[in-house]
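Note sheet for the following structure.
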Amino acid sequence: MTHDQTQPRDQARQGFDRTSGCGGLTTKDVGREVSLAGWVHRRRDHGGLIFIDLRDRSGLVQLVFNPAKNPEAHRAADGLRSEFVVAARGKVILRDPAQVNPKLPTGEVEVLPSVVEVLNESLTPPIYVAETADTPPVDEPTRLHYRYLDLRRPRMQRNISLRHQVTMAVRTFLDRHGFLEIETPMLTRSTPEGARDYLVPSRVNPGRFYALPQSPQLFKQLLMVSGFERYFQVVRCFRDEDLRADRQPEFTQIDVEMSFVEQEDVLRLMEDLVAEVYEKALGRRLTRPFPRMTWHQAMADYGSDKPDLRLGMKFVDLTEAVRGSGFRVFAEAVAAGGQVKAVVAPGAASFSRKDIDGLGEFVKTHGAKGLAWMAFEAAPAGGGPAGGDQLAEVRSPIAKFFPPEALADLRARLGAGPGDLALFVADQPAVVAAALGALRLELGRRLDLIDRTADRFLWVTDFPMFEFSQEEDRWVAMHHPFTAIRDGDLPLLKSDPGAVRAKAYDLVQNGVELGGGSIRIHRRDVQERVFDALGLTPEEAREKFGFLLEAFEYGTPPHGGIAFGLDRMVMLMAGAETIRDVIAFPKTTSASDLLTGAPSTVSPRQLAELGLAPSRSE
RNA sequence: GGAGACGUGGUGUAGCUGGUCUAACAUAUGUGCCUGUCACGCACAAGAUCGCGGGUUCGAAUCCCGUCGUCUCCGCCA
C-alpha cells in the first residue's frame, strides 16, 4: 500500500486508477466510463479497426480502436504487442447482436478506449500465454525457466486461485470448529525414523545441524500436551527423497491434531472438512459417508493400500483352486506359501500375443517373475443356437495344464465372460499385490475403464503397525513410531509384531493418498514398548526422543490427528496430472529450481563460516 | 541406485533403414494489405548447423560411446 510516490511510473499512471477488472464487465456496465489495466492477451489488426483482448486476473475484455472515432488511441493501439502492460480508459458499450461472442463472459460488451498508455513493453514471450487448442503445449523445462510467464496462463491462474480457495475453506472450517493455527519451527532436530532430512548447518554451533521438518509431528503432539486441544497448520514439509509426479522435496500439509478423541471422531470431522472444501472451492457435493476398507482388504482385493475405486477389476484369489495343479508354476508358488491371483480385463481377449507379452514385461518391472493368461474368445456373431454367450475357445498357453472341468471351474471363479482376458500372477503375497495391483491400473488406463468424472473417496483403516525392513533387518513403523496400537493387539508386540494393527488411517481419492493420520500413543510406558519393538535401546530412545518421553510424564491427553497433502488435493480438484501444476514454483525431478538455479554452489567463505568442507564438488 | 522416453528456428513437432536435409510443418515474430474480428484473414520475409563432447564413415540431425538436462516408473518416500 505504501508505494513510493516519487516513482515516475506512478506519475504516468495518474488518472488510470482501475475502476474494475476486465473479466467482470457485463451489460450492467454499459455506458460506464471505466479505467482498466492489464496485459495484451491478443491483438487483431484489421488495418482500420484494431481489437485488443485485455487480460487481467479477472479475465478478458475486448477493446475496440476505431481510427475514425479516436485516431490518437488507435495510433497507440497500433504499437501494442502480446503481453505489453497497458492502462486504458474508455466507455463500455453494448455489442451489436451480430458481434456478440458467446464464448466470452464479457462477450456482450466491449470497451471503446479514449486513452491508452503503455505501462511496460514485453519481449516476445517464450510461452504461449494466450494459449488455445492449437498452440502447441510448451515443454516443462521452458515453463519452469519462465515460470512467471507460465503462471500467467489462464489455466495456471485457475489452479493457483483454486489452491487459495481450498486453504481458505480449510481455515474457515477449522476455525469454526475451534482449531487454532499454530506455527512450529522450521529449524528443528533431525530424527532417525522416516525420510531423509534436509539439513541446515548451524554457524553458531559448528559441526551441528538443524533438520527441516518432514512434518510437524512431534510439535503438534507437544501442543496437545500443552493443552491447546485442537491445532492445525497449513505447513511446509521437507523430505530429501527421490521425486515423482506427486512428490516434491518441499510440499504443503494441512496438519491437524486433536485431544480427547478416538479414531472415529477424527474420521468424521475430517470427512466433514473435505466435503466442505469441495463444496466451497468447486461447488461439488461429495457422496457421503466415504466408504471404508481395512488395509488387509485393500491389499487382498486391489494389491494396494490406496486402491483406485473408479475402476473395478477386483483380484480373484485362485490359491486354493490351483493348489496341486498340473501347472507347476502355480502349484509350486502355492506350496511355497505364496498365492495365485488374477484380474479379469473386460474385452481384452482381443489383445495380441505381442500386447500380452508387453504386459508380461510390465509386471516384471513390478517384481513378478511372469504373467500367465487365458483369453476367453467370444463366439463369432450369430454363431450357434446357444447365443452370444458361447465361448468359441480358450486361448492360453497354460490351458493345456488344466482338464476341462478344472478350466470350467477357473472360469466360473474368475467370472470371465466371452471376450475377457484373465491375467494371473503366482508369487509371495507382497509380489502378487504389487504386480497385479500395478497391472490392474495399467489395464484400466489402456482399456479406458476409469471413470474420469467420478471422485471416489475411501478411508483405509487398520494399517499394520510395523513392516519388516530387509535392508535394516528390523521392524520399522509403517506410519510412525508414535502411532497407537489397536486395543487388544498390545500383547502381540513382542510375540508377533507383524500382526499388530495400528490406529492408523489414510484417506484415498481416486488411487491417490490424500492424507493419513493416527491416534497417538500418549503414555510413556507404551511408547517405550514400541521403541523397544523397533529395536531402539532405552538409551537410544532417550537420546532421540527424550523430550517426548519426558513430556509424556506430565499429563498427556489422549490425542490423534491427520495430515492432508494440500498439493495432491488441489491437483485432483484441478484435474492436473502433477502437483507441479498447482505449486507456483516447483522443482524438477532432480530437485532443482530451473528459475532461480537452486541449488547452487556457495562461496568458500560461506562454507568456512559454517565449518564445512565439501568432500566432493562439481 | 536402477529401467525407459525425450532433447532439431522463439515455441511445439517431422525428419533419424546415413548422401539434393542447401533441414520440413504448425505456431509465434516482422513487414505490407484489410473497418467487426475474437484461434481474424491474405501475401511476403526473417529465424535452427539438429543439447554438449568424442568416435565410426568419403559423408552424421540420422549409427556408436560418453556426458548434461527434462519427464515417467521401480527402489526410496507416507
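Predicted, not measured: the structure shown is a model, and the values here were computed from it. Values below: every heavy atom of this structure, side chains too, minus hydrogens, waters and symmetry copies.
Remark: the A:Asn70 side chain and the A:Ser114 side chain contain no N/O donor-acceptor pair separated by less than 3.5 Å. Inspection of the A:Tyr505 and A:Asp462 side chains reveals no N or O donor paired with an N or O acceptor under 3.5 Å. With 3.5 Å as the limit, one finds a donor-acceptor pair spanning the side chains of A:Gln62 and A:Arg44. If you check the side chains of A:Ser518 and A:Arg520, you find a donor sitting under 3.5 Å from an acceptor. At a cut-off of 3.5 Å, with distance as the only test, no side-chain donor of A:Thr578 or A:Arg244 sits close to an acceptor on the other residue. No side-chain donor-acceptor contact under 3.5 Å links A:Gln339 and A:Asp427. In the model, A:Thr26 has no side-chain atom that pairs as donor or acceptor with a side-chain atom of A:Glu108 under 3.5 Å.
Under the Watson-Crick and G-U wobble criteria, each requiring two contacts below 3.5 Å, nucleotide B:C50 is left unpaired. The base-pairing partner of B:G69, taking Watson-Crick or G-U wobble contacts with both distances under 3.5 Å, is B:C6. Pairing partner, B:C38: none, since no Watson-Crick or wobble contact has both distances short of 3.5 Å. Remark: B:U22 base-pairs with no nucleotide; criterion is Watson-Crick or G-U wobble with both hydrogen-bond distances under 3.5 Å. If you check B:C44 for Watson-Crick or wobble pairing at under 3.5 angstrom, you find it paired to B:G30.
Counting any heavy atom pair closer than 4.0 Å across all strands shown, A:Gly194 reaches sugar-phosphate atoms only and no base atom. If you check every strand for non-hydrogen atoms under 4.0 Å, A:Leu594 touches sugar and phosphate atoms only. Within the nucleic acid shown, A:Asn66 comes within 4.0 Å of at least one base atom, counting heavy atoms only. In this structure, A:Ala68 reaches the bases: a heavy-atom distance under 4.0 Å links it to at least one base atom across the strands shown.
No donor-acceptor contact under 3.5 Å links the side chain of A:Arg580 to the base of B:U70. Looking at A:Arg244, its side chain has no donor and acceptor atom pair within 3.5 Å of the base of B:C71. Taking only distance into account, the side chain of A:Gln62 meets the base of B:U37 through a donor-acceptor pair shorter than 3.5 Å. One can find a donor-acceptor pair under 3.5 Å joining the base of B:G75 and the side-chain atoms of A:Asp242. If you check distances only, the side chain of A:Asn101 does reach the base of B:C38 with a donor-acceptor pair under 3.5 Å.
Separating the C1' atom of B:U57 from that of B:U67 is a span of 23 Å, rounded to the nearest Å. B:U62 and B:U22: their P atoms are spaced 14 Å apart (whole Å). Taking atom C1' on both nucleotides, B:A48 is separated from B:A14 by 14 Å, rounded to a whole Å. Using C1' as the reference atom, B:G53 and B:U31 are 41 Å apart when rounded to the nearest Å. When the P atom is used for both B:G30 and B:A3, the distance is 47 Å, rounded to whole Å. Rounded to whole Å, the P atom of B:A5 lies 15 Å from the corresponding atom of B:U17. Comparing the P positions of B:C65 and B:C21 gives a spacing of 28 Å, expressed to the nearest Å. A gap of 14 Å separates the P atoms of B:U27 and B:C44, to the nearest Å.
Regarding contacts with the backbone of B:C74, every side-chain N or O of A:Arg247 stays at 4.0 angstrom or more from both OP1 and OP2. The phosphate of B:U70 has neither OP1 nor OP2 within less than 4.0 Å of any side-chain N or O from A:Thr589. A:Arg44 has no side-chain polar atom (N or O) that falls below the 4.0 Å cut-off from OP1 or OP2 of B:U37. Contact check, A:Ser592 against B:U70: a side-chain N or O comes under 4.0 Å of OP1 or OP2. At B:G30, one or more side-chain N or O atoms of A:Arg81 fall inside 4.0 Å of OP1 or OP2 (strictly under the cut-off). Residue A:Ser82 has no polar side-chain atom (N or O) positioned under 4.0 Å from OP1 or OP2 of B:A28.
In this entry the distance linking NZ of A:Lys369 with P of B:C74 reads 19 Å, nearest Å. Taking atom CZ of residue A:Arg143 and atom P of nucleotide B:G7, one finds them 19 Å apart after rounding to whole Å. At whole-Å resolution of the value, NZ in A:Lys587 and C1' in B:C77 are 17 Å apart. Separating the CZ atom of A:Arg42 from the C1' atom of B:G41 is a distance of 14 Å, rounded to the nearest angstrom. Rounded to an integer number of Å, the gap from A:Phe362 CZ to B:C74 C1' is 10 Å. Between A:Glu110 atom CD and B:U35 atom C1' there is a gap of 12 Å when expressed in whole angstrom units. If you measure from atom CD of A:Glu108 to atom P of B:C38, you get 18 Å, rounded to the nearest angstrom. As rounded to whole Å, 14 Å separates atom C1' of B:A28 from atom CG of A:Leu149.
The side-chain ring of A:His366 is not stacked on the base of B:C74, judged by centre separation under 5.5 angstrom and plane angle under 30 degrees.
Picking from B:U35, B:C34, B:U37 the nucleotide with the shortest atom distance to the side chain of A:Asp45 gives B:C34. You'll find that the side chain of A:His479 is closest to B:A78, out of B:C71, B:A78, B:C40. Of all nucleotides listed (B:U37, B:C71, B:A78), B:U37 comes nearest to the side chain of A:Gln99.
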Between the protein and nucleotides 50-52 of chain B, which nitrogen or oxygen pairs come in under 3.5 angstrom?
none

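Using a cutoff of 4.0 Å between basic side-chain nitrogens and carboxylate oxygens, A:Arg474 and A:Glu472 are scored as salt-bridged.
At least one side-chain heavy atom of A:Met465 sits under 4.5 Å from a side-chain heavy atom of A:Val530. Side-chain contact between A:Leu104 and A:Leu60 is present, with heavy atoms from C-beta onward closer than 4.5 Å.
The side chain to side chain donor-acceptor pair (under 3.5 Å) search around A:Asp581 returns A:Arg143, not counting sequence neighbours.
Annotation: of the two residues near RNA chain B, A:Trp295 and A:Gly48, the 5′-most nearest-nucleotide partner is A:Gly48.
Between A:His479 and A:Phe463, the gap from one ring centroid to the other reaches at least 6.0 Å.
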Per-nucleotide protein contact string for nucleotides 8-17 of chain B, where B marks a base within reach and S marks sugar-phosphate only (heavy atoms under 4.0 Å, - for neither): --BBS-----
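Counting heavy atoms of neighbouring residues, nucleotides and ligands inside a 6.0 Å radius, atom CD of A:Glu72 does not exceed 12 of them.
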Tell me, with the steps shown, if A:Asp567 and A:Arg580 meet salt bridge (Lys or Arg N to Asp or Glu O under 4.0 Å). CA-CA 8 Å; A:Asp567 312 284; A:Arg580 292 187 300 273; over 6 Å; no
